Engineer: 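Let me give you the structure first, and then I'll get to my questions.
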2 protein chains.
Amino acid sequence: MTKAKERILDTASRLFHQQGYNSTGINEIIAEANIAKSTLYQHFASKDQLCIAFLERRHEQWFTQLRAVVEAKERGQSQLLALFDFVMQMNEKEQYRGCSFLNILSEISVQNQSAILQVIQQHKTDLQNYIKSVTQETHAHLADHIYFLFESAIIESQLYREQAPVLKIKNIVTSLL
Amino acid sequence: MTKAKERILDTASRLFHQQGYNSTGINEIIAEANIAKSTLYQHFASKDQLCIAFLERRHEQWFTQLRAVVEAKERGQSQLLALFDFVMQMNEKEQYRGCSFLNILSEISVQNQSAILQVIQQHKTDLQNYIKSVTQETHAHLADHIYFLFESAIIESQLYREQAPVLKIKNIVTSLL
DNA sequence: AATAAAACAGACAAGTCAGTACGATTTTAC
DNA sequence: GTAAAATCGTACTGACTTGTCTGTTTTATT
């Protein structure tokens, strides 16, 4: 990946995540990334395609970070609880902007945007499977339950701009184990 | 409320909910509501104010419908399970568009929109309290837990456009009671 | 040093955005 | 029937939208 393309993706990622997809204009992206508009359209066919590239890269990076936090702990309950430490870490790092995937899900009208929808669904399915794999030998039947609470933890802390809901949910999960 | 104002709110509500706040233009609203633009701005100072009016009215109507579904059941566990029947009902009626409040939360950049944020937070706080009141004598300590699962039920069914997650969560809740 | 690829600046299209202004017309109330 | 209030139509502002196009300059490779 050339430097320009990387700068475009970095900037678009930051802006899409911070202020939303529809509220971020192409002109804003090229201005902040310090590239020419033609350069952007040489790398990405449209704003939609840029969005998909953003989501796909975020998917990779997000999971890499999640795995790092979870797999630093020993297998078992502490790994499950680490899921929520990760949420708190991301809340701080990204000022409670929540989940990029769910945020964009709220912005798109589904009928025309099934390519984007597919990327979002895949991300969440992968997350659900990852939680299953972490839960594996301990309390297999709880995996979905913990996934649902994980989703709530992200959303409720985005809504109230505080870690309290995550802590509440972490306590609930503890009581389930 | 005059008929024009009502028509504006009806149309704006439908469009905001179906296609999102930022994707819905004032011109689209006045065209579909069959009113003059000056009439809209006589009733609502700005698009933001129209958004707040929309959320406040939806808050009322949404709770009225929720209460109707829940309080048709006898007090106790069946009322708690009815919460999720309500989610399924809304999913069908509104084609899995999820929660208007969370959708708009994803669209706004928080620093400038604290008035809107406040309405959204109030809605969720009221919901949390309502679930507490329904849970009251049966399993008081579970109220928050059920609230978090309720939120997930809405979001996951919006994401996958199907009732399956609600049914899964309803089963989880059953196992908790 | 020559060639090819990448990025550059900037103008342009064609449309949409929220919001204002103003005079004309209709509806409502007394 | 008259007066007041509501609504109407329409044009307009000024800024912003995504995307295209032309031609120039920079960068990297050989």
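Keep in mind it's a predicted model, so treat the numbers as computed, not measured. In what follows, chains are A, B, ... by sequence order, proteins preceding strands, each numbered from 1.
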Engineer: Rounded to whole angstroms, how far apart are CD1 on I29(A) and P on dA7(C)?
Structural biologist: 16 Å

Engineer: Check this for me, if you would: do E156(A) and K168(A) make a salt bridge, where the nitrogen-to-carboxylate-oxygen distance has to be below 4.0 angstrom?
Structural biologist: no

Engineer: Do the side chain of S38(A) and the base of dA9(C) come within less than 3.5 angstrom through a donor-acceptor pair of N or O atoms?
Structural biologist: yes

Engineer: Does any donor-acceptor pair link the side chain of K47(A) with the base of dG19(D) at a separation under 3.5 Å?
Structural biologist: no

Engineer: Calculate the interatomic distance between I30(B) atom CD1 and dT16(C) atom P; express it in whole Å.
Structural biologist: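 Distance, rounded to whole Å: 13 Å.
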
Engineer: Could you state the atom-to-atom distance from NZ of K3(B) to C1' of dT7(D) in whole Å?
Structural biologist: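 Spelled out: NZ on K3(B) to C1' on dT7(D) is 14 Å.
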
Engineer: Please give, in whole Å, the distance from dA18(C) P to Y21(B) OH?
Structural biologist: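 Whole-Å distance recorded here is 8 Å.
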
Engineer: Would you indicate which nucleotide in dC22(C), dG19(D), dC8(C) comes nearest to any side-chain atom of Y41(A)?
Structural biologist: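 Of dC22(C), dG19(D), dC8(C), dG19(D) is nearest to the side chain of Y41(A).
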
Engineer: What is the separation between atom CG on N27(B) and atom P on dG19(C), rounded to the nearest whole Å?
Structural biologist: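 For the pair N27(B) CG and dG19(C) P, the rounded distance is 11 Å.
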
Engineer: Under 6.0 Å between ring centres: does that hold for H123(B) and F63(B)?
Structural biologist: yes

Engineer: Between atom CG in N22(A) and atom P in dA18(C), what is the gap in whole Å?
Structural biologist: 12 Å

Engineer: I want to confirm an ordering. Mapping S23(A) and N34(B) to their closest nucleotides on DNA chain D, which one lands closer to the 5' end?
Structural biologist: N34(B)

Engineer: Without decimals, in angstroms, what is the distance between I35(A) CD1 and dT27(D) P?
Structural biologist: 16 Å

Engineer: Would you please say whether a donor-acceptor pair under 3.5 Å links the side chains of Q19(B) and E28(B)?
Structural biologist: yes

Engineer: Answer yes when R57(A) and D10(A) have at least one side-chain N-carboxylate O distance shorter than 4.0 Å, and no when they do not.
Structural biologist: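 Looking at R57(A) and D10(A), the cut-off is met.
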
Engineer: Could a donor-acceptor pair under 3.5 angstrom be found where the side chain of K37(B) meets the base of dG19(C)?
Structural biologist: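 Present.
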
Engineer: Checking side-chain polar atoms at under 3.5 Å, does D48(A) have a donor or acceptor matched by the opposite partner on Y21(A)?
Structural biologist: yes

Engineer: Over how many whole Å does the gap from Q42(A) atom CD to dT22(D) atom P extend?
Structural biologist: 15 Å

Engineer: I want to check one thing: is the phosphate of dT7(D), taken as OP1 and OP2, less than 4.0 Å away from some side-chain N or O of H43(B)?
Structural biologist: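 Answer is yes, contact under 4.0 Å.
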
